[in-house]
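Only a predicted model underlies this, so the values are computations on that prediction, with no experimental measurement involved.
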Amino acid sequence: MISARIGGGVVHHNELIHGSSFCAGELGHIMVSFDGPDCMCGSHGCIEAYASGIALQREAKKLHDDDLLLVEDMSLKNDECVTAVHLIQAAKLGNSKASSILKTAGTALGIGIVNILHTINPSLVILSGVLANQYVNTVKEVIRQRGLASVQDVNVVVSNLSDPALLGAANVLSFSDQNEPADLGGRTAHTLAIFFQEEYSRGQSWQVQGY
């Protein structure tokens, strides 16, 4: 399966926090719903069950099975597998159901980030990887709508690193917002980094750039 998961890291005073059992930063498995979709971790309602590439592919297949995915200017070859790319493409071409799924996914991620903002109050949130640009505006919107006033001014940016999951959260401080270096105002001590990790299958990478 060609897919993507969600990981994360918390940087405090330029050091990556590991936690007592090296579980710190498991953002993808923060639960945002009591009875949400099943997650691969065995639980349900996790952020990853909503916003990962695997989750988007699952929803794309559901729409396709119900003949609700493809819109004008879209087509699938007989042997072509339905992926998250098709869901994103359909949304771009005006498929309201596809757009709703992406909105829900971004909202789930945003709610999880708000929970972290209320817990550790970082000054910077970095979204990195293949789905970051799809979610950044929704995440900012959720923070404005649901975050306490004290966290509303958190800096949310998209990293320019091509594969931050391999480099690690500690190195993710090299980033840009809209291709320009972000002004942190000296506030780099507390950072939340979120990775949309690529997985590889048969030499191919799961990609959504350009959609």
Step by step, would you call Ile88 with Leu131 a side chain to side chain contact (heavy atoms under 4.5 Å, CB included)? CA-CA 10 Å; Ile88 294 169; Leu131 284 169; 4.1 Å; yes

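Linking Ile, Leu, Val, Met, Phe, Trp and Tyr residues whenever their side-chain heavy atoms come within less than 4.5 Å places Leu68 and Leu102 in a single cluster.
Across Leu70 and His64, no two heavy atoms sit closer than the pair CG-CD2, 4.4 Å. Scanning all heavy atoms of the two residues, the minimum distance from Arg58 to Ala49 falls at NH2-O, 2.9 Å. Contact between Met74 and Leu93 at its shortest, heavy atoms only, is CG-CD1, 3.3 Å. The two residues Ser33 and Tyr50 have their closest heavy-atom pair at CB-OH, 3.3 Å.
Within a 6.0 Å radius of CD in Glu72, other residues, nucleotides and ligands contribute 12 heavy atoms or fewer. Atom CZ of Arg146 sits in a sparse spot, with 12 or fewer heavy atoms from other residues, nucleotides or ligands closer than 6.0 Å. A 6.0 Å sphere centred on CG of Asp65 holds more than 12 heavy atoms belonging to other residues, nucleotides or ligands.
Not one N or O on the side chain of Asn155 forms a donor-acceptor pair closer than 3.5 Å with the backbone of Leu124. Judged purely by atom type and a 3.5 angstrom limit, His118 has no side-chain atom pairing as donor or acceptor with the backbone of Asn115. The backbone N or O of Ala51 lies less than 3.5 Å from a partner atom in the side chain of Tyr135, making a donor-acceptor pair. Judged by distance alone, the side chain of Ser100 and the main-chain N or O of Ser96 form no donor-acceptor pair under 3.5 Å. Under a 3.5 Å cut-off, the side chain of Asn121 and the backbone N or O of Val151 do not form any donor-acceptor pair. Remark: the backbone N or O of Ile47 is not paired with any side-chain donor or acceptor of His29 at under 3.5 angstrom.
Residue Lys62 holds its NZ atom at 12.0 Å from CG of Leu87, rounded to the nearest 0.5 Å. The distance from the OG atom of Ser43 to the CD1 atom of Ile30 is 12.5 Å, given to the nearest 0.5 Å.
Side-chain contact between Met31 and Cys46 is present, with at least one heavy-atom pair separated by less than 4.5 Å. A heavy-atom distance below 4.5 Å is found between the side chains of Gln57 and Cys81. Taking 4.5 Å as the limit, some side-chain heavy atom of Leu27 sits within range of a side-chain heavy atom of Leu109. Between Thr107 and Val32 there is no side-chain heavy-atom pair separated by less than 4.5 Å. Within the 4.5 Å cutoff, the side chain of His86 has heavy atoms near those of the Glu80 side chain.
Remark: of the listed residues Val142, Asn137, Ile143, Val136, Ile143 is the sole one forming a side chain to side chain contact (heavy atoms under 4.5 Å, CB included) with Val139. Tested against Ile113, the residues Ile111, Leu117, Ile116 include a single side chain to side chain contact (heavy atoms under 4.5 Å, CB included) partner, Leu117.
Salt-bridge annotation for Glu141 and Arg144: absent, with no side-chain N of the basic residue lying under 4.0 Å from a carboxylate O of the acidic one.
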